[in-house]
Each structure stands twice: as structure tokens, then as C-alpha cells.
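What you see is a predicted model; the values in this text were computed from it and never measured.
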Amino acid sequence: MKKTQIQKFYFHISDNYEMVNRIITMGLDRPWRRSAAKLASSHGGTMWLDMCCGTGDMAIDLGSHIGPETTLVMADFSLEMLEIAKTKEELEDIDMALADAFNLPFKDNSFDLVTISFATRNLNLSREKLVRAFSEFNRVLKPDGKLVNIETSQPRSRFVRTFFHLYVKAIVTPVGYLFTENKTSYRFLTSSIINYYNPQEFNAILAESDFSNPSFQPLSFGAVSIHSAVKPSTHSTA
Ligand SMILES: C[S@@+](CC[C@H](N)C(=O)[O-])C[C@H]1O[C@@H](n2cnc3c(N)ncnc32)[C@H](O)[C@@H]1O
């Protein structure tokens with residue numbers, strides 16, 4: 001799918017996005033995000049960016065760990081998703097930016113922490129473009145700044161992986177059809193999960209995007225992974 005098609009998809013699904021997520025993940029998306037937010041917030045710092053924030057679920061989880069000295073910025077390229085985030089009481093004091101992950105409107109070395117939850121598959125228009133987006137996250141991070149990415153992954157066990165793919169085919173596509181007339185988009189969503197990178201392949205993408213110390217933590221038998229990496233302190237984009 002092209003970037004404009006992805007934008008259109010979120011325009012159509014925005015009102016039902018959270019409900020579809022809850023159904024497809026059997027409610028697990030919430031504890032998964034909470035684990036990522038807890039891990040991310042332990043990095044500390046005063047400037048945090050939640051990229052591809054959507055309707056703000058990750059920002060709400062990050063907010064529960066935020067100190068008075070920390071500023072959280074949420075960014076997404078879908079106005080409709082941001083408008084839903086804006087209606088949430090927990091997010092009323094949070095800065096929001098309409099921004100494209102491939103071309104962020106932030107200066108080099110601005111943030112201590114960049115988080116991204118369940119959006120990396122949207123940036124995987126090609127492997128090269130994914131590296132470009134993560135290089136952009138690297139650019140806006142301060143030296144020693146941390147990236148935390150939570151996304152579906154590939155379970156290591158072949159048995160679990162087969163079951164996971166069958167579940168995605170049996171559940172994601174039909175549930176998607178129920179809430180959007182856009183069948184092509186849900187077909188894309190299904191294949192983007194099944195064909196996504198395994199943790200080692202994704203660590204290699206982080207390394208190519210100039211991050212160091214990539215590591216990952218599998219959740220739910222590896223159906224989801226939290227990846228963390230750091231911008232090297234010697235790295236300078238100025
Ligand atoms: C699956 S939603 C995830 C939303 C949220 N992070 C969550 O955990 O629920 C993917 C989000 O990524 C956004 N997105 C996709 N491509 C983007 C891009 N190139 N730049 C900015 N946002 C993008 C979409 O608009 C959408 O809100």
C-alpha cells in the first residue's frame with residue numbers, strides 16, 4: 001500500500017480503531033502497550049515523543065509515568081486519529097503535532113525518548129523506507145536517547161508461529177471487513193503481520209538506522225516484541 005492509501009485507511013477506521021484493536025487482540029493490546037510504556041519511561045529525560053500516536057493509547061500509558069519536568073509530544077499524520085486523541089481528558093495538556101514519520105518537523109537532537117506502538121508495519125512500505133523512517137527517529141533523538149518500538153513479531157517456535165498466522169487470517173480479515181468497507185486495506189493488514197520481520201531481522205534494521213545496542217523482549221510467545229535501541233553518544237547529525 002502507498003502512504004496516501006494508509007492515510008485514507010485511518011481516515012475511514014478512526015472511529016472504530018480502538019474497538020477493532022480490542023477485538024483482534026482479545027484486549028491484550030492494553031497490557032502490551034503498558035509494558036512498553038513502563039520500559040520506555042524508565043529511560044527518564046525531559047523530552048519524549050510518541051510517534052504515530054493514533055488515538056493516544058500509548059501516550060496515556062506514558063503519561064502515567066511522566067514527571068512534572070517532562071514534556072510529551074504526540075505526532076501522527078492522520079488528523080482524524082489526532083482529533084479523537086484530543087477528546088481524551090488524560091491528553092488535554094499534551095502537545096500534538098500533525099507530522100509525517102519520514103519527514104519530522106523537529107530539530108536534530110531534540111528528544112530523550114521516542115516511542116512507537118503498533119505503527120511500524122505502516123512505515124514498512126519497503127525495507128529501505130523503514131530504515132529511512134528509523135533514521136529520522138534517530139536524527140531527532142539526543143545522543144544517548146532511547147527508542148522503544150512495540151509491534152507484532154514472529155514467534156520463534158514454528159508451532160506457535162503457524163497458530164499465530166492462522167489466527168491472523170481467521171480473525172483480522174473478517175473483523176476488519178465488519179468495520180470498514182475497505183477490503184484491500186485489511187488484506188494488506190493481514191499480510192503485513194504474516195510477512196513482518198522476526199526480532200533478529202528488525203534488530204538489523206535498527207542497526208542500519210544508526211542505532212546501537214538493539215535488544216528485544218518477546219510478549220505473548222513472541223506474537224509481539226518490544227524493541228529498544230540507543231542513539232550512540234558519539235553520533236552527531238549537526
Ligand atoms: C495502528 S495505528 C497505531 C496507533 C497507536 N500508536 C496505537 O498504539 O494504538 C498506526 C498509526 O500510525 C499512523 N501513521 C502511519 N503512517 C504514518 C506516517 N508515515 N507518519 C505519521 N503517522 C503515520 C497512522 O495514522 C495511525 O494513527
Side-chain angles (χ1 to χ4, degrees), residues 3 6-7 9-10 14 17-18 21 29 32-41 43-63 65-66 70-86 88 90-91 94-125 129-142 144-153 192 196-197 202 205-206 208-211 214 216 224-231 237:
K3 202 161 72 176
I6 291 177
Q7 216 162 9
F9 171 71
Y10 286 103
S14 53
Y17 169 74
E18 290 181 12
N21 247 356
D29 65 303
W32 286 336
R33 252 190 234 93
R34 277 200 290 270
S35 301
K38 192 173 172 204
L39 175 84
S41 60
H43 181 68
T46 55
M47 287 297 294
W48 294 358
L49 171 66
D50 183 38
M51 196 54 226
C52 302
C53 62
T55 57
D57 279 348
M58 181 67 171
I60 291 174
D61 289 337
L62 285 167
H65 297 281
I66 216 165
T70 302
T71 301
L72 171 62
V73 180
M74 304 165 54
D76 199 286
F77 76 169
S78 166
L79 189 59
E80 293 71 28
M81 295 290 269
L82 285 176
E83 270 170 357
I84 292 174
K86 250 190 201 165
K88 296 185 177 173
E90 302 95 318
L91 299 174
I94 307 292
D95 296 325
M96 297 186 193
L98 188 64
D100 183 356
F102 294 97
N103 188 16
L104 292 176
F106 307 116
K107 289 189 180 146
D108 297 354
N109 310 324
S110 299
F111 295 97
D112 298 286
L113 175 70
V114 173
T115 56
I116 174 163
S117 60
F118 301 109
T120 307
R121 278 179 292 104
N122 291 213
L123 307 177
N124 187 34
L125 305 170
K129 288 200 173 134
L130 188 57
V131 169
R132 203 187 316 152
F134 276 83
S135 301
E136 189 63 353
F137 302 157
N138 189 297
R139 178 185 70 74
V140 301
L141 271 171
K142 295 178 190 173
D144 291 324
K146 186 164 185 162
L147 172 90
V148 174
N149 174 77
I150 178 164
E151 185 51 281
T152 59
S153 190
S192 76
Y196 195 61
Y197 306 106
F202 190 70
I205 285 168
L206 291 176
E208 261 179 67
S209 313
D210 279 342
F211 282 100
F216 71 96
V224 164
S225 279
I226 304 174
H227 280 260
S228 312
V230 172
K231 174 168 173 171
T237 50

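- Within the 4.5 Å cutoff, the side chain of Leu125 has no heavy atoms near those of the Leu130 side chain.
- With hydrogens and angles left out, the side-chain atoms of Asn124 and Tyr197 include a donor and acceptor closer than 3.5 Å.
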Problem set entry | Ser209 vs Asn138, side chain to side chain donor-acceptor pair (under 3.5 Å): CA-CA, chis, key distance, verdict | CA-CA 7 Å; Ser209 313; Asn138 189 297; over 6 Å; no

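- Considering CZ of Phe77 and CD1 of Ile6, their distance stands at 6.0 Å, rounded to 0.5 Å.
- A 4.5 Å side-chain heavy-atom check between Glu80 and Tyr10 finds every atom pair outside the cut-off.
- Remark: Met81 CE to Asp76 CG distance equals 6.5 Å, nearest 0.5 Å.
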Problem set entry | side chain to side chain contact (heavy atoms under 4.5 Å, CB included) between Met51 and Leu104, worked out | CA-CA 10 Å; Met51 196 54 226; Leu104 292 176; 3.5 Å; yes

For this session: Begin with the C-alpha distance, continue with both residues' side-chain angles, and end with the deciding distance and a verdict on side chain to side chain donor-acceptor pair (under 3.5 Å) for Lys231 and Asn109.
Result: CA-CA 10 Å; Lys231 174 168 173 171; Asn109 310 324; 2.9 Å; yes

Problem set entry | Worked verdict on Asp57 versus Lys88 for salt bridge (charged side-chain N to carboxylate O under 4.0 Å, His left out) | CA-CA 10 Å; Asp57 279 348; Lys88 296 185 177 173; 3.4 Å; yes

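- For Glu136, the salt bridge (Lys or Arg N to Asp or Glu O under 4.0 Å) partners two or more places apart in sequence, or in a different chain, are Arg139.
- At least one side-chain heavy atom of Lys3 sits less than 4.5 Å from a side-chain heavy atom of Asp100.
- Atom NZ of Lys142 sits in a crowded spot, with more than 12 heavy atoms from other residues, nucleotides or ligands closer than 6.0 Å.
- With rounding to the nearest 0.5 Å, the separation of CD1 in Ile150 from CG in Asp29 is 9.0 Å.
- Looking at every heavy atom in both residues, Val148 comes nearest to Ala36 through CG1-O, 4.0 Å.
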For this session: Applying side chain to side chain contact (heavy atoms under 4.5 Å, CB included), run through Glu151 and Ile116 and close with a yes or a no.
Result: CA-CA 8 Å; Glu151 185 51 281; Ile116 174 163; over 6 Å; no

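- For the pair Phe216/Ile226, no side-chain contact is recorded, criterion being any heavy-atom separation below 4.5 Å from C-beta on.
- Distance check, rounded to the nearest 0.5 Å: OG of Ser41 to CG of Leu72 gives 11.0 Å.
- In summary, the side chains of Thr115 and Asp50 do present a donor paired with an acceptor at a separation below 3.5 Å, with no hydrogens or angles considered.
- The minimum heavy-atom distance linking Pro105 with Ala99 is given by the pair CD-CB, 3.5 Å.
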For this session: Decide side chain to side chain contact (heavy atoms under 4.5 Å, CB included) for Leu147 and Phe134; before the verdict, give the C-alpha distance in whole Å, the side-chain angles of both, and the deciding distance to 0.1 Å.
Result: CA-CA 9 Å; Leu147 172 90; Phe134 276 83; 3.6 Å; yes

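- The closest side-chain heavy-atom distance from Arg121 to Thr152 is below 4.5 Å.
- Put simply, the side chain of Ile84 does not reach to within 4.5 Å of the side chain of Tyr17, judged on heavy atoms.
- Put simply, the side chain of Asn122 does not reach to within 4.5 Å of the side chain of Cys52, judged on heavy atoms.
- Closest of all the heavy-atom pairs between Val131 and Glu208 is CG2-OE1, 3.7 Å.
- The distance from atom NZ of Lys146 to atom CZ of Phe211, rounded to the nearest 0.5 Å, is 12.0 Å.
- Taking each heavy atom of Thr70 and Gly45 in turn, the nearest pair found is OG1-O, 3.0 Å.
- Remark: the backbone N or O of Phe202 is not paired with any side-chain donor or acceptor of His227 at under 3.5 angstrom.
- Rounding to the nearest 0.5 Å gives a distance of 10.0 Å between CG of Leu62 and CG of Leu91.
- The shortest non-hydrogen separation linking Cys53 to Leu82 is SG-CD2, 3.5 Å.
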Exercise. Could you walk me through whether Phe106 and Val73 pass the side chain to side chain contact (heavy atoms under 4.5 Å, CB included) check?
Worked result: CA-CA 11 Å; Phe106 307 116; Val73 180; 4.2 Å; yes

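- Between Leu49 and Phe137 the shortest side-chain heavy-atom distance does not fall below 4.5 Å.
- Of the possible donor and acceptor atoms, none in the side chain of Asp61 sits under 3.5 Å from a partner among the backbone N and O of Ala37.
- Annotation for Ser117 and Met58: closest pair OG-CB, 3.4 Å, computed over non-hydrogen atoms.
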